Amino acid sequence: MSSERTPLISRVPVGEPRPRYPHGVVRRFCTIALASVMIWFFVAVAVSFTFFPDGHPHHDPEDRWTWPGCGRRKVDYDQLKRILLDTPTSKNAEEWSRYYASGPHLAGKNQSQAIWTKNKWEEFGIKADIVSYDVYINYPVDHRLALLEKGNNDDEASAWKVAFEASLTEDVIEEDPTSSLPDRVPTFHGYSASGNVTGPVVYVNYGTYQDFEDLVKANVSLDGKIAIARYGGIFRGLKVKRAQELGMLGVILYSDPGDDGDVTEEKGEKAYPDGPARQPSSVQRGSTQFLSFAPGDPTTPGYPSKPDAPRQPVHTAIPSIPSIPISYANALPILKALNGHGPKADDFSKYWTRNTGLQYKGVHYNIGPTPDHVVVNLYNQQDYVTTPLWNVIGVINGTIPDEVIIVGNHRDSWVAGGAGDPNSGSAVLNEAIRSFGEALKQGWKPLRTIVFASWDGEEYGLIGSTEWVEEFLPWLDDANVAYINTDVSVRGTYLRASAAPLLDNIIHAATSAVPSPNQTVRGQSVYDVWDKKIKTMGSGSDFTAFQDFAGIPSLDIGFDTAPGGPVYHYHSNYDSFYWMQKFGDPGFIYHRTMAQVLGLLTAQLADLPIVSFRAADYAHALDRYVKKQHPQLLLFHPLLPLLSSAETFKTSLGRLHKSLAKLTRHATALDKRADDLKDRLREHIPWWKWPTKLKLGHEMRKVNTKYKYMERSFLFEQGLDGRPWFKHVVFAPGLWTGYAGAVFPGLMESIDDQDWTNAERWVDIIESRMRNAARRL
């Protein structure tokens, strides 16, 4: 029965609606398919016209390719090269050098230079920022070095007399304004321990591991003594480390003019500033960190030194005994005090008498120790602090987000000048960046992102770059294609280069395109007058964290002192703008040349569609490295038949050749594939063949990715024995060299120790990394 709540709508039954068209499902399918085809067609046309070239002729055939997002290229690769060659000037390089070398800029005390550098890059058109870290370093407070004597019958401490007090300073030179700056940096060692020690002196040659072994075998007493050693041969920190391990009290380091070759006062050359020979009062400052065990902030090994980072003890990373650097003028009285005491240098091997340059000054190079009544007092006071340092990071964003090229140089210096180290590199980097800024003004955009870095804290232990790599390691692992380093860009006319083998051909190509300032035949390039030697990567500059820790192929390049050239006063007040202007690079011609080389190296990596690596070069280099292990085995040949583990190792070593053969095949195939793709890029592909273009782009990405990750294949997560920070199984600094590179360091150290079981273990590790590389290729 109806009520006021009864709905007003009644249900009425109706029939099924008659379809308007037959086969409705088929019709809807055909409509959707046709619409999709038309949409994709118009999208392809739009993409082809927007992102791909129109087939007009270009200067460089490879430059026809443009990545999506890059648009039509307003500046092609040939035009970019022209800009990078024409823009740098000697005048600007001289201006930048004059600024950087005008005052002290120790690590953690150069913020004004960091801000100036950032502002200058932004003036060039490069977006830049400052990244800071809180690091543990030292600054000098006080020091003393004195030769003390007393009569044989005097027993009281008061009877000691000062026979010689070292000045521990470098002479003020009227012609060189840097040498007289009131705030010039004292002579000291980075990471040296504070201490006040007194004891007899022992001459330890270069202070290498083998030198100390020779002294131990000769029963020379080292415990409780103070070492005096020549600079050279190995990194200074390792000299101090070995002396410390053998119970010595302290270390004195000096530069012997014998290592300057023919450019010495003894051989008729005048000393700086009147001539090219070493200034007798020059002193080499520097770090004594145990660099071959781990660079970076010693309190944060493997992770960045941010304000809240946990701090580790430093006793295994830096010395616990004091050390002092001195001039050879200050070393003379101490070396003469050794005359007639203990064996002489020529009682040992030829390495003890090589380049001894102070005989004409009355030094006999006796080993010592000095008698009990002749001792040295070494006093060293350092202030250790945790302080900020500042990296300047500039970026030019590219089209491909996960392919990045990084170019770096450090800014900090041990001295007020540093016109060679590092600020020839700073001046060169500025000119290269200014050149890229000019390209940007003309509408250029790189295919790959370029990151420029002005590192702080390199001198103490590669701190700024190491902390940055440790912080951004995941991003670098994903995106970083290569790292280019220039430290001492110019201190002479001889081109010096070291690189991962992947990058050899890039160095050849860039130097071939730059005119040489020293042409013996008209039109010669830098490549033409160069000896073509490329060294293996070691350590001692900011490429270390990239190459040895992150597995990023790196190169380091600059013009070094040529044989017979003027002596470079390394880490001395005389590494000054005046020295550079008069002796190092008059007219700053090589600064301009190096800026051109640096620009072309960067452009070749950042702006060509196919990454310019050669995997086969790497495989061939590895084969040479493996073959070098066999002569090492011959040193122990008489023992091998007696050691079953050694015989097993020899068999294992043969497996490396098989793995290398496979890697070489894959590497050669990858290079051929890359060459084929380059040929296809030279062909004109009509816009309507857009699937072909998309396929070509996909294949290029695959090849580039394989190249990018090849170096990472040689990383071993556990690291080297006793120094796990170093992850690369092919390259690392030598355990007891520091600067010089060692190949297959884990294997070589095991062979040197005649630990054949561990050597076989390293063969297995290296073989697994080679298989990993072959699989990735």
Side-chain angles (χ1 to χ4, degrees), residues 480-483 497-509 532-538 543 546-548 550-556 604-605 608 610-632 651-678 699-700 702-716 720 726-732 741-748 751 759 762-777:
N480 196 182
V481 175
Y483 174 70
S498 57
L502 279 174
L503 297 165
D504 287 0
N505 72 300
I506 293 173
I507 298 174
H508 294 158
K532 320 299 187 295
K533 293 180 180 178
I534 301 177
K535 295 182 178 180
T536 56
M537 302 301 286
F543 57 79
F546 290 91
Q547 180 74 47
D548 298 338
I552 294 160
S554 303
L555 68 86
D556 183 54
Q604 189 174 354
L605 285 165
L608 289 178
I610 305 292
V611 174
S612 302
F613 289 173
R614 303 302 290 179
D617 287 352
Y618 208 130
H620 295 322
L622 291 175
D623 186 58
R624 292 195 302 271
Y625 301 156
V626 170
K627 288 176 180 176
K628 285 183 179 179
Q629 311 306 311
H630 294 289
Q632 190 77 2
T651 304
S652 299
L653 196 60
R655 298 201 314 267
L656 289 184
H657 290 288
K658 295 180 181 178
S659 298
L660 267 173
K662 182 178 180 181
L663 176 59
T664 303
R665 288 195 302 271
H666 285 270
T668 304
L670 179 62
D671 291 342
K672 184 178 185 305
R673 189 175 176 189
D675 292 339
D676 291 342
L677 288 173
K678 291 176 184 177
E699 291 178 359
M700 288 164 53
K702 286 180 64 177
V703 166
N704 287 345
T705 299
K706 291 177 186 294
Y707 276 138
K708 180 173 71 173
Y709 289 123
M710 182 176 181
E711 195 81 49
R712 319 275 206 279
S713 302
F714 298 104
L715 296 181
F716 177 53
L720 300 180
F726 289 96
K727 308 293 185 185
H728 208 295
V729 303
V730 180
F731 299 117
V743 294
F744 299 132
L747 176 60
M748 283 299 299
I751 294 175
W762 272 105
V763 168
D764 292 340
I765 292 169
I766 295 168
E767 185 186 19
S768 72
R769 297 300 85 202
M770 288 182 181
R771 288 199 304 266
N772 184 38
R775 184 176 65 252
R776 283 187 165 186
L777 297 185

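Everything numeric here is computed off the predicted structure, so don't read it as measured data.
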- Task: Supply the atom-to-atom distance I507 CD1 to L555 CG, rounded to the nearest 0.5 angstrom.
- Result: 4.5 Å
- Atom pair CZ/CZ of F714 and R769 - distance to nearest 0.5 Å: 9.5 Å
- Note on the structure: Distance col, row H728:NE2 vs S713:OG, nearest 0.5 angstrom, shows 9.0 Å
- How close do V481 and P553 get, heavy atom to heavy atom, and via which atoms? O-CG, 3.2 Å
Only pairs under 3.5 Å count here: list side-chain donor-acceptor contacts from residues 659-667, not counting sequence neighbours, and write none if there are none.
| residue | atom | partner | partner atom | Å |
| --- | --- | --- | --- | --- |
| S659 | OG | R655 | O | 3.4 |
| S659 | OG | E767 | OE2 | 3.3 |
| T664 | OG1 | L660 | O | 2.7 |

- Task: Quick one: closest heavy-atom pair of G538 and D548, and the distance?
- Result: O-OD2, 3.3 Å
- Item | Y707-D671 side chain donor-acceptor pair, cut-off 3.5 Å | yes
- Item | Side chains of Y625 and M748 in contact at under 4.5 Å (non-hydrogen atoms) | no
- Message: How close do I534 and A499 get, counting heavy atoms only, and between which atoms?
- Response: CG2-N, 3.7 Å
- Task: State which residue, out of K702, E699, K672, fulfils the side chain to side chain contact (heavy atoms under 4.5 Å, CB included) condition with L677.
- Result: E699
- Task: Starting at CZ of R776, measure out to NZ of K708 and round the result to the nearest 0.5 Å.
- Result: 10.5 Å
- Taking the six-membered ring for Trp, are Y483 and F546 parallel (under 30°), tilted (30 to 60°) or perpendicular (over 60°)? parallel
- Message: Before you tell me yes or no, could you show the steps for W762 and F744 under side-chain contact (heavy atoms from CB on, under 4.5 Å), namely the whole-Å CA-CA distance, both residues' side-chain angles and the distance that decides it to 0.1 Å?
- Response: CA-CA 9 Å; W762 272 105; F744 299 132; over 6 Å; no
- Query: Does the side chain of F726 reach to within under 4.5 Å of the side chain of P745, using non-hydrogen atoms?
  - Reply: no
- How many angstroms lie between CE in M700 and NZ in K678, if you round to the nearest 0.5 Å? 10.5 Å
- Query: How far does OG1 of T536 sit from CD of Q547, to the nearest 0.5 angstrom?
  - Reply: 10.0 Å
- Item | Short side-chain to backbone donor-acceptor contact, D617 and L503, under 3.5 Å | no
- Message: Among L622, I766, L715, which residue satisfies the side chain to side chain contact (heavy atoms under 4.5 Å, CB included) criterion with V730?
- Response: L622
- Only residue of L502, D504, D623 satisfying side chain to side chain contact (heavy atoms under 4.5 Å, CB included) with Y618 is L502
- Message: Does K535 have more than 12 heavy atoms from other residues, nucleotides or ligands lying within 6.0 Å of its NZ?
- Response: no
- Take R712 and I552, measure what side-chain contact (heavy atoms from CB on, under 4.5 Å) needs, and give me the verdict at the end. CA-CA 7 Å; R712 319 275 206 279; I552 294 160; 3.8 Å; yes
- Message: Looking at every non-hydrogen atom in both residues, tell me the closest pair between S612 and L608 and how far apart they are.
- Response: OG-CD1, 3.6 Å
- Query: What are the two closest non-hydrogen atoms of Q604 and I506, and how far apart are they?
  - Reply: OE1-O, 3.5 Å
- Item | Side-chain touch N704/F613, heavy atoms, less than 4.5 angstrom | no
